[in-house]
S.K.: 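Provided herewith is a single structure, encoded as structure tokens, for subsequent inquiry.
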There are 2 protein chains.
Amino acid sequence: MKQIPEKAIERLILYRRILMSLNPSDRPNIFSHELATLSGFSSAQIRRDLMAIGYSGSPVKGYSLNNLVESLNEFIDSEEKQHVAIIGLGQLGRAILNYCKNRRKKIEIVASFDKDPQKTDQVILGTHCYGIDKLEKIIKEKNIRVVILAIPAEEAQEMAERIMKAGIRGILNYAPTNLYLDNDVFVENRDMILAVEKVAYFSRKIDKEGFVESLS
Amino acid sequence: MKQIPEKAIERLILYRRILMSLNPSDRPNIFSHELATLSGFSSAQIRRDLMAIGYSGSPVKGYSLNNLVESLNEFIDSEEKQHVAIIGLGQLGRAILNYCKNRRKKIEIVASFDKDPQKTDQVILGTHCYGIDKLEKIIKEKNIRVVILAIPAEEAQEMAERIMKAGIRGILNYAPTNLYLDNDVFVENRDMILAVEKVAYFSRKIDKEGFVESLS
DNA sequence: TTCACACTGTTACAAAAATCACAGCGAATA
DNA sequence: TATTCGCTGTGATTTTTGTAACAGTGTGAA
Ligand SMILES: NC(=O)c1ccc[n+]([C@@H]2O[C@H](COP(=O)([O-])OP(=O)(O)OC[C@H]3O[C@@H](n4cnc5c(N)ncnc54)[C@H](O)[C@@H]3O)[C@@H](O)[C@H]2O)c1
Ligand SMILES: NC(=O)c1ccc[n+]([C@@H]2O[C@H](COP(=O)([O-])OP(=O)(O)OC[C@H]3O[C@@H](n4cnc5c(N)ncnc54)[C@H](O)[C@@H]3O)[C@@H](O)[C@H]2O)c1
């Protein structure tokens, strides 16, 4: 199978979220143009994305909702549950933990870490918070490969190197700094202030020009 | 000037963040390949992006740090401060507010809104929190064009339509739902669980294949 | 003064991504 | 049974995005 581009993966994940929010008993099938309206992408784009994962619909009925979600699950998810940890249970870390827990069948937040002794060695928001000294031990024990980083920027690089050595393969980084790592770790940066700046930029553009072509 | 693609805007904003974190007295100039290392993009990409905004460096010294940041400011920022509001001062909203306030000269969070009377009519984290009934009034009074949405998904669409009518031109949406609006509003969606799924997917890929080509 | 050097700016090229457009299909209709 | 219809799947095409390559440039060494 040909390499599926990163952007297409993002779209597929979005399609799934949209489809899961629909009720299959109301609406057993969906056409590409309907999903297009719901997602903001073109129907051709959607057909092609689904082609990429080898899913086929019926030219008459469209796509079976249950069926398509199942195919997306198969493509996006791992067989086994994937174990995730959050490092840094500050304001942001707690918000993320609270939001993400139990939201997906195949993703489970199995541990959190903090360096503040007031927070460690107790269950916070349903997840045990460990001291940072137990990091390597717990990562190994609980078979964690993905980390959500929500610690201050100054600490992020050091921590990233440390968890990389401990076997982490994916980092969702909320600290406002780039991480410099070997390329056998996938890093996704989510700096909120950059997002605000981007929105501010394009909102101004709209104000001046009166419209925008692309919706993300 | 030719249309600069959305991705290029994101890169330019990132360049600025990186450059601002450097000390111009240590290092008055920077070469494209150095910024490449710091940002993870190629040096050719960087030269081209800077060309797009009409910035020129010296073939001998490279780019003057101060100068380049100034040019980026001019390109990215508006002349006037842009006024931003946060709607929904829950866990996430407070974290965002706390993080974003006073971080950029040209972006100011001038109001927050919540429907919970316990939170309204007081200053929270340095910003006045208004009741949701004052929304239109305050948006107009304070000349707000950009909103950060951090309310539950079920309420997001209705609220989005309401603020659109009130004159908002850009929405940074943290609710896990798509917003359906006229295309004279720029919407940037930031669903964290989708981000986790993406990282989980690529981390698995790395585990299987041993490396990754693209760093975001 | 000449030359080598290491960079930039820019054009030419390549790759990737999105869109178009249409053949093919099964159901519904008559 | 024949015909129409609106959809999917997919090759062809266009558009967008990124990369490579190199001429041009100021500096400092000789
Ligand atoms: N608050 C936001 O909305 C927001 C948004 C984007 C990015 N960020 C970034 O996310 C990070 C956290 O933000 P926050 O608002 O939660 O801050 P916070 O100060 O509330 O929380 C930081 C937490 O990390 C812990 N910590 C610090 N260093 C650590 C280390 N080395 N190992 C383990 N734990 C450590 C602290 O004990 C604290 O609990 C910061 O980098 C911030 O800039 C925050
Ligand atoms: N917590 C997270 O990390 C996280 C991450 C991603 C997305 N989200 C989403 O962001 C939103 C907020 O998350 P949270 O954890 O802060 O939830 P929360 O319940 O702590 O906060 C929600 C806040 O919004 C207010 N609110 C609700 N409806 C409103 C309305 N119509 N107008 C004004 N205010 C209203 C509530 O009073 C509350 O203060 C939710 O949609 C959540 O799914 C949260």
Side-chain angles (χ1 to χ4, degrees), chain A residues 1-15 19 27-69 71-72 75 183 198 202 212-216, chain B residues 1-15 19 27-69 71-72 75 183 198 202 212-216:
Chain A
M1 192 190 285
K2 219 177 78 201
Q3 180 78 349
I4 297 178
E6 187 170 324
K7 273 205 153 185
I9 303 291
E10 287 180 13
R11 286 193 300 267
L12 289 165
I13 291 174
L14 178 64
Y15 301 156
L19 295 169
R27 156 197 278 294
N29 299 293
I30 191 168
F31 295 122
S32 63
H33 68 264
E34 294 175 304
L35 187 48
T37 308
L38 290 170
S39 67
F41 298 106
S42 73
S43 62
Q45 179 86 85
I46 285 163
R47 291 201 300 276
R48 170 172 274 243
D49 285 341
L50 298 188
M51 189 177 82
I53 65 165
Y55 182 78
S56 280
S58 137
V60 175
K61 303 261 183 181
Y63 304 105
S64 148
L65 242 163
N66 285 327
N67 233 311
L68 177 50
V69 169
S71 287
L72 287 167
F75 178 80
N183 68 349
K198 179 181 166 186
F202 283 105
V212 67
E213 331 67 32
S214 72
L215 294 181
S216 52
Chain B
M1 193 189 285
K2 219 177 78 200
Q3 180 77 351
I4 297 178
E6 187 170 323
K7 273 206 153 183
I9 304 291
E10 288 179 14
R11 286 193 300 267
L12 289 165
I13 291 174
L14 178 64
Y15 301 154
L19 294 169
R27 156 198 276 297
N29 299 293
I30 190 169
F31 295 123
S32 62
H33 66 263
E34 294 175 305
L35 186 48
T37 308
L38 290 171
S39 66
F41 299 105
S42 72
S43 63
Q45 179 88 82
I46 285 163
R47 290 200 301 278
R48 167 177 272 241
D49 286 340
L50 298 187
M51 189 180 80
I53 65 165
Y55 182 77
S56 280
S58 137
V60 175
K61 303 260 182 184
Y63 305 104
S64 147
L65 244 161
N66 286 329
N67 233 311
L68 178 49
V69 168
S71 287
L72 286 168
F75 178 80
N183 67 349
K198 179 180 167 187
F202 283 104
V212 67
E213 329 69 32
S214 72
L215 293 183
S216 54

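Below, read A as the first sequence line, B as the second, and so on, with proteins coming before strands; counting in each chain starts at 1.
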S.K.: Whole angstroms only, please: what is the CD-C1' distance between B:Gln3 and D:dT17?
M.R.: 14 Å
S.K.: To the nearest Å, give me how far apart CD (A:Glu34) and P (D:dG6) are.
M.R.: 14 Å
S.K.: Taking CG from A:Leu68 and C1' from D:dC7, how many angstroms apart are they, rounded to a whole number?
M.R.: 15 Å
S.K.: Can you name the nearest heavy-atom pair linking B:Asp49 to B:Ala8, along with the distance?
M.R.: OD1-CB, 3.9 Å
S.K.: To the nearest Å, give me how far apart CZ (B:Arg11) and C1' (D:dT19) are.
M.R.: 12 Å
S.K.: Please report the shortest heavy-atom distance between B:Phe41 and B:Ala36, naming the atom on each side.
M.R.: O-CB, 3.0 Å
S.K.: Rounded to whole angstroms, how far apart are CG on B:Leu35 and C1' on C:dC7?
M.R.: 15 Å
S.K.: Do you know the tightest heavy-atom contact between A:Leu19 and A:Leu65?
M.R.: O-CD2, 3.6 Å
S.K.: Roughly how many Å is it from NZ in B:Lys61 to C1' in C:dC7, rounded to a whole number?
M.R.: 13 Å
S.K.: Is the distance between the ring centroids of B:Tyr63 and B:Tyr55 under 6.0 Å?
M.R.: yes
S.K.: Please step through side-chain contact (heavy atoms from CB on, under 4.5 Å) for the pair B:Leu50 and B:Leu12, ending with a clear verdict.
M.R.: CA-CA 8 Å; B:Leu50 298 187; B:Leu12 289 165; 4.2 Å; yes
S.K.: Of the non-hydrogen atoms in B:Val60 and B:Phe31, which two are nearest, and what is the gap between them?
M.R.: O-CE2, 3.5 Å
S.K.: Over how many whole Å does the gap from A:Ile53 atom CD1 to D:dG9 atom P extend?
M.R.: 11 Å
S.K.: What's the CD1-C1' distance between A:Ile4 and C:dA16, to the nearest Å?
M.R.: 15 Å
S.K.: Establish, with yes or no, whether the OP1 or OP2 oxygen of C:dA17 is under 4.0 angstrom from a side-chain nitrogen or oxygen of A:Gln45.
M.R.: no
S.K.: Shorter than 3.5 Å, N or O on both sides, protein versus nucleotides 8-13 of chain C: list them out with atom names.
M.R.:
residue, atom, partner, partner atom, Å
C:dT8, OP1, B:Ser32, N, 2.8
C:dT8, OP2, B:Ser32, OG, 2.6
C:dG9, OP1, B:Ser56, OG, 3.3
C:dG9, OP1, B:Gly57, N, 2.4
C:dG9, OP1, B:Gly57, O, 3.4
C:dG9, OP2, B:Tyr63, OH, 3.0
C:dG9, N7, B:Arg47, NE, 3.1
C:dG9, O6, B:Arg47, NH2, 3.2
C:dA12, N6, B:Arg48, NH2, 3.1

